[in-house]
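Below, chain A is the first sequence line, B the second, and so on; all start at residue 1.
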Amino acid sequence: MDLLATADVIVIGGGLHGCSTALHLARAGLSALVIEKNYVGRHASGVNAGGVRTLSRHEAEVPLALAALELWYGIGKLVDDDCGFEAHGQIRVAESEADATALREREAHMRALGYTHERWIGANELFARVPALARHCLGGLIAERDGAALPYQTTAAFRRKAEALGQKFFEGERVERAQRTGNAWTVSTDRGSFGARVLVNCAGAWADHLCAQLGEPVPLEAIAPMMMVTLRMPRFLEPVVLGTGRPLSFKQTQDDTVLIGGGRRARVERSAETTALDFRELAASAQTVWDLFPIMRAATIHRGWAGIEARMPDELPVIGPSSTTPGAYHAFGFSGHGFELGPVVGRITADLIAAGTTALPIAPFSITRFSNASAPA
Amino acid sequence: MSAAANYDVAIVGAGAAGLAAAVECANAGLATVVFDEQPTPGGQIYRAITSTPLVDRNQLGPDYWHGERLVHQFENTDVAYAPRSTVWSVTRQDGGFEMGVSGDGEARLIMVRHVILATGALERPFPIPGWTLPGVMAAGAAQILLKSSGLVPDGRVVLAGTGPLLYLVAAQLARVGAKVERLLDTTPRGRWRAALPRAIEFLASPYFVKGLAILRDANAATSIVKHVERVEALGKQSLERVRFVAGDQTEEIATDLLLLHQGVVPNINLSNAIGCEQRWDNAQLAFVPVVDAWGASSVAGVTIAGDGAGIAGARAAQARGRLAGLYAACVLGKFDTVARDRAAVLARAELARFSRGRAFVDAMYRPADSFRMPEGDTLVCRCEEVTAQQVVDAVKLGCTGPNQMKSFLRCGMGPCQGRFCGLTVTELIARARNVSPGEVGHYRLRFPIKPITLGELAALPQTEASVQAVVRIGKSH
């Protein structure tokens, strides 16, 4: 069978993680081709809230998140584009004593683990940093070096840089099968076949298809966190503000619109790749914003959307080699908080492929933790 | 807003198609609600027909007053009518649809079994240099001011563009005393030849005689410049002059108002956001939803009637509205297909009669490329002030579709949600990529398709689960 193209590595999925993997592979001297069923950045990578957050991550993710943050601070050098990254900090606010207790415990726990990037701030500092915040708030947990970036611009920049370094992208091609013969992979799409030595699964909400083919099914759920944005408002906010007792992610973007997210979910039709907003859930977000930011009460909600991505039951990603098949690697399942990790996970995967090892601790993300899972219907 | 929590059928729009559909649904015994943004029924063509101050019937003409009987029929049904209301979302739920509707400062969620979209047409964007200056407006918008408020422009008026409505507005404005200085017809030379194969059908259509009358009236009303190739609106703070080029003639005219028009296109905002399949219509140079002979879309339970399913005019829209209403009644079990088909005979004949001649009009008044795809610094997206050159440059950066363009340039992300720039952006990208506009596609439109306030949204009923949702920030997360 004639192959449409070959490379050292085939990356399935043109989201941020796929593009980042391709870029880091190029830096390691390996050629890659990325196969994307729609266009690069079509789902969550292009339309997420853009949070560059180390704050209140699962402790297994903290080393990766901190390493990624260093890459974000040098993002212009990495991809020749600032990706719209701005670091005004992220603050999780306490609305009640229970919230405050939880946040202080979190701070103490992180200190015990040797991490200092999360810090409790009292009401005075909180209101100095976020003057528009309602006065019932008691304090907050801040990660001062955190920030936000523009997701589509970021994903497109990783892709362009990878392309500039020689990697190839095939958009509008849907992977149907991946087959290993000897030491080589043949990946068939609806248009033809591609060949490589190594396969990387960055297929996001559709990553379980390949896992099943490799004989290592995973309990992946397709989710779509909802976001909504207002028309432009007078400038009133610099940091990203997160809720504690209720889900909320809130920021004023660089173009002065206000982006409201926080993980409330749309209904997903995975095979049709569509989402339907749940306005009752959005109403709850609106209520939270109403309570926390009085300035927002007359704001005009202009559009809402949701990007489809993968959620694992423990809300941790799958990163690392296949447990069944040599020459196959996974990076998916970021469960609503993978954007910040994008720059570093591509490097981890490239290191695993090029050098067989990575300096970062990825054992908690092994696919083997689901080895008793059966394929979802 | 007076509306119950549940209906069999919700109709969006109270123009010719929506009113006709409502009459059929009500006659079939369906619990029906009509949502419309205007204060009175009639849509754009019959705008303010129950309230217009222009009661002299010669001023707006017989085509306008034709709507009176339809509105009368509608008012004699028991349809729930919600004027001044805005439908901002339609989502599938529990085998039916949940609709988000605002009116009188309050938002509601309403459940219906079947949706008929009768959202009509929008004026095609007309992006010329200076088109965003105060003093430049759409000819259709000026006509609406005339119909609803009897508002006659008190300064000098220049009209530019192509198509029957432009001539009709020129004649109507002159009749009510406006100073119509010039009509700049941008129909390219040679369109007759392109349209000729469809001319016989047109000559036999009801539009031919009407067209002659409109041409005669417009000729009497103002002086007409043919084959205008370039139009620019000039002025510092607001419009002062119009410069145009026609052949070797370049001229500047001082004017207070410039009215632009180059046809109308289907208003697909709701059908697109619902996810109804759509296709590029190369004759009408627009995206149109894919519908069957009853107006049924690719989404079961969503029917589209009137110009929102492809431009065919008010009389055809009325017939398509009747068909959509009959179809809904049949789907919802009010009668079988035999009874439906029998009841549809008249509407089908009406539709056939008023569809004749359309192909000629489309070919004759096909807007020139240069007026649809501007160049250089001419603004494309007026909300976010994105120029034609920026769009073309973004394509070179790998931004190959309008949705990527939103992320790149905020093009189409402003208050109009892409209603003004959608077609222009698609056609510019298509030309830059040398592919068809159909391949490029249209913006994916997002709910709420009309803005709502945070307060309205916060006041919606919330589910138990949504109120109790908590963040996991414990020790491990």
What residues of residues 430-442 of chain B sit under 4.5 Å from chain A when only non-hydrogen atoms are counted?
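Counting heavy atoms that sit under 4.5 Å from chain A, no residue of residues 430-442 of chain B is involved.
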
Of L237(A), T230(A), I301(A), which is the lone residue that meets side-chain contact (heavy atoms from CB on, under 4.5 Å) with M296(A)?
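Exactly one option meets the side-chain contact (heavy atoms from CB on, under 4.5 Å) with M296(A), and it is T230(A).
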
Top contributor to chain A interface from G275(B), A459(B), P415(B), C383(B) [non-hydrogen pairs under 4.5 Å]:
P415(B)

Please identify, among Q404(B), R444(B), M413(B), the residue contributing the most non-hydrogen atom pairs under 4.5 Å to chain A.
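Most heavy-atom pairs within the cutoff with chain A belong to Q404(B).
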
Is there a side-chain contact between L292(A) and C137(A), using heavy atoms and a 4.5 Å cut-off?
yes

Please state whether the side chain, the backbone, both or neither of [X] comes within less than 4.5 Å of a heavy atom of chain A.
{"X": "L397(B)", "value": "both"}
{"X": "L109(B)", "value": "side chain"}
{"X": "T91(B)", "value": "side chain"}

Holding to salt bridge (Lys or Arg N to Asp or Glu O under 4.0 Å), I want the full list of residues that pass it with E118(A), two or more places apart in sequence or in another chain.
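R106(A).
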
Under the salt bridge (Lys or Arg N to Asp or Glu O under 4.0 Å) definition, can you give me all pairs with a residue in residues 382-395 of chain B, not counting sequence neighbours?
R232(A)-E384(B), E384(B)-R410(B), D393(B)-K396(B)

By the definition side-chain hydrogen bond (donor to acceptor under 3.5 Å, both in side chains), identify the one residue from R57(A), E61(A), R53(A) that meets it with H337(A).
E61(A)

Can you name the closest pair of heavy atoms from S102(B) and A107(B) and give their distance?
OG-CB, 3.7 Å

Might you point out which heavy atoms bring M227(A) and V47(A) nearest each other, and give the distance in Å?
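Heavy-atom minimum between the residues: CE-O, 3.3 Å.
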
Would the distance check show the side chain of [X] and the main-chain N or O of [Y] forming a donor-acceptor pair, the cut-off being under 3.5 Å?
{"X": "D278(A)", "Y": "A266(A)", "value": "no"}
{"X": "T257(A)", "Y": "T253(A)", "value": "no"}
{"X": "D291(A)", "Y": "F293(A)", "value": "no"}
{"X": "E36(A)", "Y": "G14(A)", "value": "yes"}
{"X": "D94(B)", "Y": "G96(B)", "value": "no"}

Side chain, backbone, both or neither: which part of [X] has an atom under 4.5 Å from a heavy atom of chain B?
{"X": "F279(A)", "value": "both"}
{"X": "T274(A)", "value": "neither"}
{"X": "L55(A)", "value": "neither"}

Residue-level interface, residues 151-162 of chain A with chain B, non-hydrogen cut-off under 4.5 Å
Y152(A), A156(A), R160(A)

How long is the straight-line distance from CD1 of I116(B) back to OG of S297(B), given to the nearest 0.5 Å?
11.5 Å

